[in-house]
J.: 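Right, I'll just put the structure down here and ask away after.
Side chains are part of it too, since the values below use all heavy atoms of this structure and drop only hydrogens, waters and symmetry mates. Computed from a predicted model, the values in this text were never measured in an experiment.
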Amino acid sequence: MSFFTLFITVLLTAVVLVVGAFVVAKLIGPRSYNPVKGEPFECGIPTRGSSWMPLHVGYYLFAILFLMFDIETVFLYPWAVVVKQFGPLALISIGFFLVVLVLGLAYAWRKGALEWK
């Protein structure tokens, strides 16, 4: 099987699965139509004033730290799969990676980015 044939097969399979999921959800999903569902709301309470309020910078810092450690997990998985093939060099490189991450966490902790005030 050529690369092009494989690519088309995977693409068609993806399209069929997505369309199939939408069709099944439409057929067996609950239906409840009323005008209140179409109105915008914020946590169940109608909004007052402007919605464009600035958020505290702590939320952004916390989100960035979460992403940093989430991406660390994504990088550690493929490393764990091939660690036997690369030997001690892989261990040294991932050790350096983890040291940099721990230093980043220590810096954020020292600056107070993990505390809610």
Side-chain angles (χ1 to χ4, degrees):
M1 194 176 340
S2 72
F3 175 75
F4 184 71
T5 310
L6 184 63
F7 176 75
I8 294 298
T9 305
V10 169
L11 189 66
L12 286 176
T13 304
V15 168
V16 167
L17 287 175
V18 169
V19 169
F22 277 124
V23 168
V24 168
K26 199 68 162 160
L27 291 176
I28 67 172
R31 292 176 186 87
S32 174
Y33 303 105
N34 60 30
V36 176
K37 284 194 168 209
E39 293 181 9
F41 66 96
E42 190 174 306
C43 300
I45 302 170
T47 57
R48 289 179 288 193
S50 173
S51 327
W52 292 98
M53 295 185 320
L55 293 176
H56 189 268
V57 72
Y59 295 114
Y60 299 111
L61 290 174
F62 201 79
I64 288 172
L65 287 171
F66 172 77
L67 286 175
M68 181 175 76
F69 287 101
D70 194 38
I71 290 171
E72 169 201 3
T73 306
V74 170
F75 282 149
L76 281 177
Y77 181 74
W79 170 81
V81 171
V82 297
V83 69
K84 281 189 175 183
Q85 294 173 357
F86 292 120
L89 183 62
L91 190 60
I92 292 170
S93 64
I94 205 65
F96 179 72
F97 178 70
L98 290 175
V99 165
V100 169
L101 265 156
V102 168
L103 288 175
L105 177 63
Y107 177 77
W109 198 339
R110 186 173 179 114
K111 288 291 187 177
L114 301 176
E115 296 183 17
W116 296 98
K117 294 179 183 177

J.: How far does CD1 of Ile94 sit from CZ of Phe86, to the nearest 0.5 angstrom?
T.: 12.0 Å
J.: Would you compute the distance between atom CG of Leu105 and atom CG of Leu65 and round it to the nearest 0.5 angstrom?
T.: 7.0 Å
J.: For Thr13 and Thr9, work out which heavy atoms get closest and say how close.
T.: OG1-O, 2.7 Å
J.: Kindly work out whether a path of hydrophobic side-chain contacts (I/L/V/M/F/W/Y, heavy atoms less than 4.5 Å apart) joins Val19 to Leu27.
T.: yes
J.: Would Leu98 and Trp109 show up in the same hydrophobic cluster when neighbours are defined by side-chain heavy atoms closer than 4.5 Å?
T.: yes
J.: Following the transitive rule for hydrophobic clusters with a side-chain heavy-atom cut-off under 4.5 Å over Ile, Leu, Val, Met, Phe, Trp and Tyr, establish whether Leu12 and Phe4 coincide in one cluster.
T.: yes
J.: I need the minimum non-hydrogen distance between Arg31 and Lys26, along with the two atoms involved.
T.: NH2-O, 2.6 Å
J.: So for atom CZ, which belongs to Phe97, do other residues, nucleotides or ligands contribute more than 12 heavy atoms lying within a distance under 6.0 Å?
T.: yes
J.: Report yes or no: do Val100 and Leu91 belong to one cluster of Ile/Leu/Val/Met/Phe/Trp/Tyr joined by side chain heavy-atom distances under 4.5 Å?
T.: no
J.: Under a single-linkage definition using a 4.5 Å side-chain heavy-atom cutoff for Ile, Leu, Val, Met, Phe, Trp and Tyr, are Phe75 and Phe96 assigned to the same hydrophobic cluster?
T.: no
J.: What residue among Asp70, Val74, Leu76 forms side-chain contact (heavy atoms from CB on, under 4.5 Å) with Glu72?
T.: Leu76
